[in-house]
Q: 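Have a look at this one before I ask anything.
What you see is a predicted model, and the numbers here were worked out from it, not measured in a lab. Chain letters run A, B, ... following the sequence lines, proteins first, then strands; residues in each count from 1.
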There are 2 protein chains.
Amino acid sequence: MPVTLKDISQRVGKSVPTVSRALAGFEDISPQTRELVQRVAAEMGYEPNITARNLQKQRTDTLALILPSANTLRFSDPFFSEFLSGIVEYIAQFGYDLNISTTDSEDELETYLRHLRSRRFDGFIVVRTKLQDARIDLLREHGVPFVAFGQTEANNDFHLVDEDGRYGVRQVVDHLVELGHTRLACIAEPTNLTKSHHRVQGFIDGLTAHNLPVDPNLIIETNFRQRSGRQAAKLLLELPEPPTALVACNDLLALGAMGAVQDHGLTVGKDISITGFDDILLSEYAHPPLTTVHQPASDMGSKVAEMLLNLIDGKPNEEKQVIIKPSLIIRQSTSAPSKGGEAP
Amino acid sequence: MPVTLKDISQRVGKSVPTVSRALAGFEDISPQTRELVQRVAAEMGYEPNITARNLQKQRTDTLALILPSANTLRFSDPFFSEFLSGIVEYIAQFGYDLNISTTDSEDELETYLRHLRSRRFDGFIVVRTKLQDARIDLLREHGVPFVAFGQTEANNDFHLVDEDGRYGVRQVVDHLVELGHTRLACIAEPTNLTKSHHRVQGFIDGLTAHNLPVDPNLIIETNFRQRSGRQAAKLLLELPEPPTALVACNDLLALGAMGAVQDHGLTVGKDISITGFDDILLSEYAHPPLTTVHQPASDMGSKVAEMLLNLIDGKPNEEKQVIIKPSLIIRQSTSAPSKGGEAP
DNA sequence: AATGTAATCTAAAACGTTTTAGACGTCAAG
DNA sequence: CTTGACGTCTAAAACGTTTTAGATTACATT
């Protein structure tokens with residue numbers, strides 16, 4: 001049913017390669033032929049069979065992004081959606097598509113291996129890097145173009161884009177200390193993720209810089225979503241000497257924490273300060289609006305995409321590693337401690 | 001570099017088709033050969049070249065979802081993310097991938113045409129249906145498998161999944177009238193979208209059923225995001241006789257409206273009631289938590305995917321049209337009107 | 001010894017494109 | 001009149017797989 005080069009070739013009485021070359025605008029085709037072929041192709045509604053072209057060209061114009069599935073699916077995270085959106089918008093300009101698939105964390109490596117051996121993708125985008133990340137080792141070994149969103153613990157000798165989470169949280173701590181807080185707690189995502197690790201580092205940095213003690217009981221490692229934030233905050237509030245400020249490592253955790261604080265009959269932004277990270281839409285509309293750290297999610301997505309396309313085309317990238325400094329957004333969930341806060 | 005059937009064939013001393021058939025487990029291959037081939041293939045790390053297979057099989061195991069781009073990108077809408085996530089999770093089980101691309105609304109039809117002629121996708125998912133939807137006509141004409149998320153105005157003779165938005169908003173209106181409201185306003189998305197149209201219909205249904213007048217000035221058609229909600233609410237509040245309840249047609253609009261109400265020095269859930277639609281994460285954490293209509297976004301995604309895969313495989317679908325009834329979630333953004341509400 | 005049958009395998013073609021290498025005719029220069 | 005160069009085109013091969021149709025061998029039946 002669909003029109004092929006052969007159909008055109010028969011119609012214009014030229015060989016298939018001639019038609020192909022005419023459409024591609026090669027110089028060794030006479031202007032008349034070229035014109036004829038292009039006219040007929042348009043008339044017949046010819047559209048190249050991408051699969052056949054891919055097979056011949058050994059490239060697919062498709063990028064892969066493999067998500068850890070189900071339990072901790074990041075898809076519904078607003079920050080991540082924005083990031084994705086940045087990628088899709090950017091690559092669309094160059095005729096690339098994004099292919100999204102999922103995998104259980106147990107089969108993660110196999111999935112990557114399968115996908116890269118299947119030669120179905122020109123490049124990979126790795127999200128949510130871990131301190132030790134076998135996926136990156138794998139892609140590197142195989143020499144496949146990829147760009148990571150996030151770093152690993154060491155040997156970051158690959159193309160990546162990252163936030164400076166350490167700096168971001170440090171800003172938060174500075175802000176809180178300036179307000180007069182001396183007893184801060186941190187609610188962290190799983191710290192095998194580099195991102196999370198950095199954020200916690202920023203927290204510790206901040207305390208140390210202000211000569212405040214780092215109390216391990218005030219750093220709770222938990223999960224990603226509100227529920228975890230709520231639970232963590234509950235624990236913290238029930239301590240004999242509860243903190244006056246909660247530094248949550250993402251906005252969802254902060255929201256959960258806000259719920260727990262309200263359950264305790266306290267008022268966020270007055271009795272206790274809470275901060276988030278990411279500046280998702282929600283944080284502006286929370287009650288009270290959340291002091292948080294803003295990241296240009298969509299831009300980071302575009303940047304990752306840009307670097308990856310360069311890599312695929314063998315073009316140089318200005319920088320191999322792009323680290324983006326986030327900015328503190330002060331809203332109403334933070335204020336001076338109301339009582340019991342020991343001045344430094 | 002990557003291993004092909006030919007490599008295996010040379011290694012085991014059998015022809016390429018034999019290797020292919022052995023791996024596929026055909027009966028006309030001796031058990032010994034089959035075993036040998038499979039062992040060697042595993043040893044060599046063989047993974048089929050999907051592109052080559054696709055070309056031969058004339059299918060791609062890939063579904064397409066084309067998003068209207070930029071200006072009104074739905075990607076970052078939490079509801080839509082959930083929906084997507086439902087699709088991806090479902091099709092992953094059957095080895096399908098989802099390909100996401102974008103298009104400007106002017107080239108929308110061309111993009112569809114190009115994609116379907118390129119034979120790169122086994123089926124299409126159409127989102128955000130319009131009352132008159134040329135995309136659907138196009139896909140139908142070409143006999144391409146597709147499932148729509150949403151209906152059109154007439155002749156819905158295709159596979160689709162939809163919410164019953166009319167019913168959903170009707171529930172909202174009933175709830176508000178029960179509380180004693182008699183002057184309700186509606187903040188709508190662009191009503192060329194079927195979804196939006198239905199929701200407004202539900203609003204009108206409700207008023208009519210309770211013998212309340214339908215005042216066109218109290219139905220504002222606007223856009224999708226908070227900003228639009230805010231503007232619309234502002235207009236409504238400045239009316240000589242402002243409404244006591246605002247029925248927003250999605251949660252983001254409701255949030256915007258809440259902002260406008262607060263700007264006016266009024267308290268949401270006390271001085272004025274506000275409702276949303278979709279029950280995105282945000283709505284639970286808004287201030288005050290938003291009364292809204294819940295939809296199983298992820299399930300709807302799975303359902304669309306399920307129907308589409310059936311369609312592609314020529315399997316029958318139980319129902320051609322699945323309409324899902326949403327449910328009202330009452331939170332604290334609605335209450336009896338404080339003053340001036342004329343009892344019916 | 002011819003015939004039929006089953007088991008196992010493979011040659012050839014196909015999917016639709018692009019690339020490579022070279023064919024063919026025309027024309028100008030020697 | 002030959003040689004070389006140019007302009008235009010195409011045959012053949014390639015990408016890696018699967019399908020089709022048939023070949024080959026071994027074995028049992030008559």
Q: With sequence neighbours excluded, what pairs up with A:L193 under the side-chain contact (heavy atoms from CB on, under 4.5 Å) test?
A: A:R128, A:K130, A:S196, A:F224
Q: Between the side chains of B:N156 and B:T152, does any donor sit under 3.5 Å from an acceptor?
A: yes
Q: Might you confirm whether atom NZ of A:K6 has over 12 heavy atoms from other residues, nucleotides or ligands at distances under 6.0 Å?
A: no
Q: First and last nucleotide of DNA chain C touching chain B, 5' to 3', heavy-atom cut-off 4.0 Å?
A: C:dT8 to C:dG16
Q: Are the aromatic rings of B:F121 and B:H115 close, with centres under 6.0 Å apart?
A: yes
Q: Return the set of residues passing side-chain hydrogen bond (donor to acceptor under 3.5 Å, both in side chains) with A:R21 (not counting sequence neighbours), or none when no residue passes.
A: A:D28
Q: Applying side-chain contact (heavy atoms from CB on, under 4.5 Å), can you list everything that pairs with B:T33, at least two apart in sequence or on another chain?
A: B:K14, B:T18, B:I29, B:S30, B:V37
Q: Could you tell me whether the side chain of A:D104 and the main chain of A:D107 form a donor-acceptor pair under 3.5 Å?
A: no
Q: For B:T4, answer base if it contacts any base atom (sugar-phosphate contacts may also be present), sugar-phosphate if it contacts only those atoms, and nothing otherwise; contact means non-hydrogen atoms under 4.0 Å.
A: sugar-phosphate
Q: Tell me which residues in residues 24-37 of chain A lie within less than 4.0 Å of DNA chain D, going by non-hydrogen atoms.
A: A:D28, A:I29, A:S30, A:T33
Q: Checking all strands, does A:S20 fall into the base, sugar-phosphate, or nothing category for heavy-atom contacts under 4.0 angstrom?
A: base
Q: Pull out every residue in residues 40-62 of chain A that has a heavy atom closer than 4.0 Å to any atom of DNA chain C, ordered by number, or say none.
A: A:Y46, A:P48, A:N49, A:A52, A:R53, A:Q56, A:K57
Q: On DNA chain D, does the nearest nucleotide to A:P17 precede the nearest nucleotide to B:R21 from the 5' side, or the other way round? Give the residue.
A: A:P17
Q: Check side-chain hydrogen bond (donor to acceptor under 3.5 Å, both in side chains) between A:E43 and all other residues, then give those that pass, not counting sequence neighbours.
A: A:R39
Q: Which angle, to the nearest 10 degrees, lies between the helix axes at the two ends of the helix from C:dA1-D:dT30 to C:dG30-D:dC1, each defined by five pairs?
A: 80°
Q: What residues, two or more places apart in sequence or in another chain, satisfy side-chain contact (heavy atoms from CB on, under 4.5 Å) together with A:Q132?
A: A:E153
Q: Decide yes or no on salt bridge (Lys or Arg N to Asp or Glu O under 4.0 Å) for B:D61 and B:R59, but give the supporting numbers first.
A: CA-CA 6 Å; B:D61 291 348; B:R59 56 181 294 168; 3.3 Å; yes
Q: Specify the residue among A:V3 and B:S15 whose closest nucleotide of DNA chain C lies further upstream toward the 5′ end.
A: B:S15
Q: Residues in side-chain hydrogen bond (donor to acceptor under 3.5 Å, both in side chains) with A:R114, at least two apart?
A: none
Q: Sequence neighbours left out, what passes side-chain contact (heavy atoms from CB on, under 4.5 Å) with A:I50? Give chain and number order.
A: A:N54, B:S118, B:R120
Q: Could you pull out all residues at least two apart from B:E306 that satisfy salt bridge (Lys or Arg N to Asp or Glu O under 4.0 Å)?
A: B:K303
